[in-house]
Each structure stands twice: as structure tokens, then as C-alpha cells.
Undergrad: 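Quick one: this structure, given as C-alpha cells, is what I'll be asking you about.
Chain identifiers are assigned alphabetically (A, B, ...) following the order of the sequence lines, protein sequences preceding nucleic acid strands; residue numbering begins at 1 within each chain. Computed from a predicted model, the values in this text were never measured in an experiment. Any value given below was found using the heavy atoms of this structure, including those in side chains, with hydrogens, waters and symmetry copies removed.
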Amino acid sequence: MPLPPIPDLVRQLKTRVLAIPPGRVATYGALAASLGDVRAAKWVASFLCGSPQAANWPWHRVVLRTGEIGPAPDRDVAGKIRRIRSERIVVRNGAIDLARFGFDDFKSSASLARLRRFQEDALAKVSIQPLDKSLQTVAGVDLSYASPRQATAGYVLFDYRSQHVLSTCTLSAPVKFPYIAGYLAFRELPLLLALLQRVREKGQLADVILVDGHGQLHPRHVGLATHLGIEANIPTIGVGKKLLCGTCDRQNFRVGEARPVVHAGQTVAMALQSTPQGGPIYVSAGHRADLASAVELVRTLLGGHKLPGPTHAAHAVSRNAARHIAMRSNG
DNA sequence: GCGACAG
DNA sequence: ATCTTGTCGC
């Protein structure tokens, strides 16, 4: 089952920002909603204020839900207010009356809603089952970025019993979809699938893959690890450093201890205190694995680092390759 | 009003 | 994820 066409969110956002009439303002959330998910508001704001691509757009016509001015490129809020006022919009006490100046009549593409439906379709194909006890090899995958658009994926194959590295593989490609929490797969899956295809051709595909990102620990239970497992039809496990959703008691956590992460009344992951310092890592089932065997496997692969050996190694490999690419294109 | 939002 | 200075520890 191929991935759906990946929407060009930047182009869709540009169309909408350019549609805000002079003398009116829209909110980051309204723009995000027209793209299909208000939770993309954070990305909308960071793109309008941080990307050179948006420098010539009327980004000053986008403000906070409260009517407050919000962020501006180069932190030049005064400049943003100046532009707003030059369009005869009234700014009083640092805020705009949205009832008077607000604009919310966007054409909706609901692209993100379509991607959510795709995740829900994928969920129907997930298999949660114990890992095969006789697994021989484990691999880690991770992505690093030489620039916001240029990604490098790293794959490190481990022999399970000796925990020695058997082989390594990297692959670089431009990515076009932004990072939006809950939609990570649409950013990183294309490159990961291409990487696994190459690994498969070399006969180096592992019996199970540890993914740097969550599995069932996801608003719709279809995180990157789960989605990768389904698309590549391989057992996967999600290992993340931060919680995406759900709650977990993190008081008096002792090294080696594991506690459930509950989301919507369901245990979707285990928090595992892997090192004496810092917070726990979060382990969840991806595909063709269950939570118990995922935690058991990750425990055996902990080797002093915060992340399990294969994930740690994949991180190092992808980061090194990305830095080489960054140096080759810069100075 | 405060907290939250993988990489 | 990436951007970054100093700092602590093996």
C-alpha cells in the first residue's frame, strides 16, 4: 500500500496568507484549521516567522487568537505593528479587535484531515503480537538533517546475541513535508522506506527494527514506528525521548524501572528509566510486536547510553553523514 | 491562566 | 530535528 500523495503544505499556506485582504488579519489557528488541523498552528507560526520563503508574504496579517500581535520575523514585533497600522488596522494595548478586523474566510483543503484518515486506515492493518523469541538481528534507524530540507537516514544492523555491529547503511534525500506533531511519518517515512529497500536488496534486513519515534504512543495509535512497520511489513518498536501524548508518573524513578504511559484509558507505552540522569525513554509497540516484548528487547539492548544500542548507533551514523553533506554544500 | 505538541 | 558556550567528568 503506497503512501498517499504528500500535500504541499507550504504552497497551500502561501495561497491562504495571500488571500488575507489588506486591512484584515487572520489567526495562526484559523490558517492551520483550513489546512486540516489546528494543531499545525505552531508550524504555521514558525514558518511565517522563521522561513526565508515567507519573507515576502504578508505575514504581518497573521496574529494570535487573542488578537495579540504574536511573533514576528527576527523578533521585530515593532516592525510588524508598523506594517499592521499602515493598513489602517487599529492596534490598542498591543491587540487587535478580531470582531472588527478578523478574516477567516479561507478555502479549506483539509489536507491534514486526509492524512489522518490515511493513518486510521493504516491502523486497521496493525498487528500486535509477541516478538519471535528466536530473533537473530536487531537494527536501529534514525534521521538527521544537514539543513531543514536535506535529510539523511541511518541504519545500523546489530547481532542480537553479541550486540556487535554487523553493517551500516545511510541514504540522503530532500524532504518536503514539515514537522507537525502527529504527522511525523509523512515527513520521514518516504526516506526510511527507501533506506529499507536498499537494506533489503543487500540482504541486511533485521528481524526487528527500533525506530527513533513512537509506535502506539500516538493520538491515533499510528506513530512513525507503527506506520513504518505496516508499509515495510516488518516488526518495529518505537523508542522516543519525549512524550507525545498520555501521562505517566515520573516521580522517584529508579534506573531499570518501567511504568505505564496511559492515553485515553489505555496503556500505550512504557516509560523506562534507562540512565541515572535525565528523564526516561518511552517504548511502545510498532507493528508485529507487543508492548511486553518491546520493553524486554529494549532492556536487553541498553548499554549505558540513554537510548538502546542500535538507536544510539543509528543516530551517530546519520548525524555523521549529514554533517559531511552540510560541509560539502557550505564551507 | 497554565500546560502541551515524537523528530 | 538544529542552533550554540561553557562546563563537568572519565
Undergrad: Rounded to whole Å, please give me the gap between NZ in A/Lys176 and P in C/dA1.
TA: 20 Å
Undergrad: Once you round it to whole Å, what is the distance between P of C/dA1 and CG of A/Leu191?
TA: 15 Å
Undergrad: Would A/Ile20 end up clustered with A/Val25 when hydrophobic side chains under 4.5 Å apart are linked, directly or stepwise?
TA: no
Undergrad: Is a side-chain N or O of A/Ser284 found less than 3.5 angstrom from the main chain of A/His214, in a donor-acceptor match?
TA: no
Undergrad: Do we get A/Arg259 above A/Phe253's six-membered ring, with its NZ or CZ under 6.0 Å from the centre and within 45° of the axis?
TA: yes
Undergrad: Taking the six-membered ring for Trp, are A/Phe118 and A/His227 closer than 6.0 Å centroid to centroid?
TA: yes
Undergrad: A/His227 near the nucleic acid: base, sugar-phosphate alone, or nothing, with a heavy-atom cut-off under 4.0 Å?
TA: nothing
Undergrad: Counting primed atoms plus P, OP1 and OP2 as sugar-phosphate and everything else as base, spell out the protein contacts along nucleotides 1-7 of chain B at 4.0 Å heavy-atom distance: B, S or - for each nucleotide, 5' to 3'.
TA: ----SBB
Undergrad: Go ahead and write out DNA chain B as dot-bracket, 5' to 3': ( ) for pairs within the strand, [ ] for ones crossing earlier pairs, | when the partner sits on another strand, dots for unpaired; Watson-Crick or G-U wobble, both distances under 3.5 Å.
TA: .......
Undergrad: Step through the shown structure and confirm whether more than 12 heavy atoms of other residues, nucleotides or ligands are within 6.0 Å of CZ on A/Arg114.
TA: yes
Undergrad: Give the intermediate values and the outcome of side chain to side chain contact (heavy atoms under 4.5 Å, CB included) for residues A/Tyr183 and A/Asp37.
TA: CA-CA 11 Å; A/Tyr183 302 84; A/Asp37 192 339; 2.5 Å; yes
Undergrad: Heavy atoms under 4.0 Å, any strand shown: does A/Ser144 hit a base, just sugar-phosphate, or nothing?
TA: sugar-phosphate
Undergrad: Under the side chain to side chain contact (heavy atoms under 4.5 Å, CB included) test against A/Gln204, which residue among A/Arg200, A/Lys202, A/Glu201 passes?
TA: A/Lys202
Undergrad: Determine whether the aromatic ring centres of A/Trp43 and A/Tyr28 lie less than 6.0 Å apart.
TA: no
Undergrad: If you count the non-hydrogen atoms of other residues, nucleotides and ligands that lie under 6.0 Å from NE2 in A/His312, is the total more than 12?
TA: no
Undergrad: In the 5'-to-3' direction, what one-character label does each nucleotide of nucleotides 4-10 of chain C receive under the scheme B = base within less than 4.0 Å of a protein heavy atom, S = sugar-phosphate only, - = no such atom?
TA: -------
Undergrad: Is any side-chain N of the basic residue among A/Arg61 and A/Glu87 closer than 4.0 Å to the acidic one's carboxylate O?
TA: yes
